[in-house]
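The structure under discussion appears below in the form of structure tokens.
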Amino acid sequence: MKFTLERKDLLPKLETVAMAVAPKTVKPVLAGILFRVSQDGEISLMATDLETSVKTGIKSKHFEGEASAFVVEANLFIEIIRNLYDADIKFSLDTTNLSIDQGKSHFLIPTMSADDYPDFDTISAGSSFKESLTALELMIDRTLFCAARDEFMRNLNGIYWEFDGDFFRLVAADGFRMALAEGKVGTALGENFLLSLKSMKNLHNAMKSAKSDEITISHDGSRVGFSFDDTEIVARVVEADFPDYRKVLPKAFKTRVKVDTKAFLDALRRGSIAARFGSDSIKLELVDGQIRLMSSSQDHGESLDELAVSKDGDDLTIAFNPRFLSEAMKKVDSEETELNFVDAGSALQINPVGVEGYIYIVMPIRLI
Amino acid sequence: MVTETLQRFMLGSPAISFLFRRDGEPVYNVVKTEEPLERILSVYPDLERDDLIPVDLSEKNVRVSGFVTLPEKFRGNRLRENLFINGRYVRMPILNFAVERGYGESLMKGRFPSTVLFIHVDTSEIDVNVHPQKLEVKFSQNQPVLNALQRAVREALRGRQSFRITIDRDRASQTDEENKAENEPPARRQGPLKLNESTTTRGYGTAKPLRASDFRSISTDRLNRFDREMAIPESISDLTLVGMLNERYVIARTDDSLMIIDQHAAHERILFDQLKTSKHFPSQYLTSEIEIRLDELEVETFAQKGERLEDFGFQVILRNSSLFVKGVPQMIDVTQVSTLVHEIIEELRLEVLEGPEKVFDNILSSMACRRAVKTGDKLSEEELRELLVRMSNIEMPVCPHGRPLIMKIGLKDLDRFFDR
């Protein structure tokens, strides 16, 4: 069997599926990408780590021979394709070896049997809805960074999808902070679900190469499917209970300040230089008309910055991990941001001004 | 002490009911049960049914039965490794080691499982009159018992999906017998190194793997002579990053030597030094409280010394037998909170024996250990460089637990090895 593909068509597709390749696996075939070539030269590429599966399609330019399927080791194959020119690449499969040719470059690589590769299970049952891909991408971008990185925290190591009437929300939390983004939905999926951080990252990355703006999201109880263009991603739902995020949302505030987003971020960065090398905490003093941002460390001295703000309510002194504040502030794309405080021991709620649909919660550090 | 002794009796004899009152208040009231598992759950309320794996193995004259915890459910010390020989509680380090070997590398250094293991041996095989409190026995032959114990634990854990055994011990220390046991040709295990029989013939002929013995390796004998004291450098400065080995060791160089650094141990030391100079420990509030179930012994300790947890940056409240954590020391991950709290309470309990200063250090080293990058964590080049820079401030090139964290191989050592 022989087929030809253009490098610039193939490479982005490869990179999309390669993200799902299991990095360390006991089953060698899972370190590979499955190629399924149909009689009419349609090629589907697929990879899975048994939790997330990614499939995408590409049409071959020239095709001769029988329909067939084979698995190539992902890293090796991508390395070869990356190093070729942006031109046609010829592939030819004899029984177990794949030869790759472009001009005077020739590679012969072994393949693995497609029979050992798990099937791609498209979600056919269940409910589904369509969403703007860019809107969803933005929602994921606004929440992903707040998810717990530790895989042992199964219930926080991911993004929670909640459906509520005409809205759906993505929520991520790591025990110290929380991100919430809201979007509109035509038809509710009914059931809420939790997807792992890895699945969400795979999805988020794959979305970057999307050409159309429509994504279909379907859910069959145990799996969630995302499809756009000719790419399909199926992720397994994490069987763990996401904590009740509503309990985390403060009910009433005592102090509210409005800051210029960029100026506050800059002040935060300067004010926390000493913290970065020592205590990992920045103190915010909110008085009428200004915020003072301070950090100090035994060995690295002090940093201090001031920022003019408009303030309602009580004066307050409160401390935070500067990284938690700046990571959230970096995602705010409105010019102004509202910081809502209760007291020095309660959650801070960050609201972008004039933009609906996402908020951040950051827990403070106890002052001593 | 009473609670502890009683716990052992309760674990050792599930078929007996116990009622224990302290100052008139019932502390334990457990009814007899056919199921040893039920008893374990009442003694250690922080464990759940799924955390415990049944162990049962009979070999020749030895039978090992009981329960062990998954490696994720580790403790900071061996106090919960309960071992019983023919029904009597014993405390014999060689048995503990055998149990821990059964876990292989899934159990990191300084982490210990909870176990309730019953070893049954023929009475003719043991002498029970070797210890004044009968906490030790003498076996006619140690090895069969130790092997059975290790295998029993390993077999039990092997069936668990979440458990991955990675055997990656020092090849040089393997005995011939062990080599034979793993029926894999030694060269395979040497890694991807394969050379053609003759380097002059080109082509894709079947490569004949070199055997391990074809290489000159540093034998254990040599390593032992490689004096540890000598290999620990006096000062660490001007380190240049060379690379990484196995996401575990950082390789660095100075002008005239090669330095091999244990990434976890080094980071732990840096954090420990940092914590020691801090006057106070800030506490990061949590979005929601974490509940930690304590056993009776821990409740007792907490009642006496609980406020000390606050000094280290915890914010906790005891309700019934559960500790509710509202705030944690900074940089401690939510997953580590429970382990750390158990460790600190354990340390506080031992304060009478070890003295406050030692206990303070132990707690700081627990915190440093939990915070530090772990063996297997992939560090970016920038992080590695930062680690090297910070290492130059270290005063003692050993980790807080006393293990070395850096090994120096001087040019001279290399020359000696290569017979130059």
Side-chain angles (χ1 to χ4, degrees), chain A residues 23-24 26 97 108 110 146 148-157 171-179 242-250 275-283 295 297-299 318-324 342-348 361-368, chain B residues 70-74 161-166 192 203-204 246-247 270-271 273-291 310-316 325-339 370-371 373-374 376-378 386 389-390 393:
Chain A
K24 276 179 189 165
V26 277
N97 290 322
L108 183 68
C146 262
R149 306 249 165 83
D150 190 337
E151 283 171 30
F152 280 116
M153 284 201 241
R154 289 187 61 238
N155 64 338
L156 295 180
N157 180 233
V171 192
D174 68 357
F176 308 118
R177 53 188 171 153
M178 186 173 91
F242 193 80
D244 183 1
Y245 73 86
R246 284 188 176 79
K247 284 191 184 154
V248 178
L249 300 173
R276 248 182 34 230
F277 290 92
S279 59
D280 277 327
S281 70
I282 184 164
K283 195 152 83 174
S295 70
S297 101
Q298 216 161 6
D299 302 331
I318 187 168
F320 292 96
N321 181 333
R323 185 168 63 86
F324 292 170
V342 184
D343 56 42
S346 310
L348 155 69
I361 297 288
V362 181
M363 295 305 289
I365 287 168
R366 183 173 61 181
L367 286 167
I368 301 165
Chain B
L70 285 167
E72 294 94 270
K73 283 278 160 187
F74 56 84
Q161 209 191 2
S162 67
F163 182 73
R164 283 155 289 169
I165 299 183
T166 46
Y204 296 93
N246 246 338
E247 284 148 29
I270 293 166
L271 293 172
D273 287 354
Q274 232 174 50
L275 288 172
K276 269 217 99 159
T277 56
S278 336
K279 299 250 170 355
H280 36 241
F281 300 89
S283 176
Q284 166 74 56
Y285 285 93
L286 296 163
T287 44
S288 11
E289 290 181 347
I290 297 177
E291 181 183 351
E310 299 265 337
D311 300 344
F312 294 101
F314 283 97
Q315 300 179 63
V316 288
V325 184
K326 215 176 124 189
V328 298
Q330 263 198 291
M331 302 302 294
I332 296 296
D333 252 353
V334 178
T335 32
Q336 297 163 339
V337 172
S338 160
T339 320
R370 297 280 159 248
R371 250 197 223 191
V373 294
K374 289 172 197 66
D377 281 354
K378 207 174 161 70
E386 177 75 22
V389 170
R390 295 209 188 181
N393 298 326

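Quick note on labels: first sequence line is chain A, next is B, and so on, each numbered from 1. For clarity, every value in this text was computed on a predicted model and none was experimentally measured.
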Worked check of salt bridge (charged side-chain N to carboxylate O under 4.0 Å, His left out) between A/K247 and B/E289: CA-CA 11 Å; A/K247 284 191 184 154; B/E289 290 181 347; over 6 Å; no
Under 4.5 Å from a heavy atom of chain A, the part of B/V328 involved: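 Side chain only.
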Taking side chain as everything from C-beta outward and backbone as N, CA, C, O, which of these in [X] sits under 4.5 Å from a heavy atom of chain B? Side chain, backbone, both or neither.
X      : result
A/F320 : neither
A/D244 : neither
A/R149 : neither

Parallel, tilted or perpendicular: rings of B/F312 and B/F281 (30°, 60°):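 The arrangement is tilted - the two ring planes meet at 30° to 60°.
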Qualifying residues under salt bridge (charged side-chain N to carboxylate O under 4.0 Å, His left out), relative to B/E291, sequence neighbours excluded: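 Result, salt bridge (charged side-chain N to carboxylate O under 4.0 Å, His left out) vs B/E291: none returned.
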Side chain to side chain donor-acceptor pair (under 3.5 Å) partners of B/Y285, counting only residues at least two apart: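 None.
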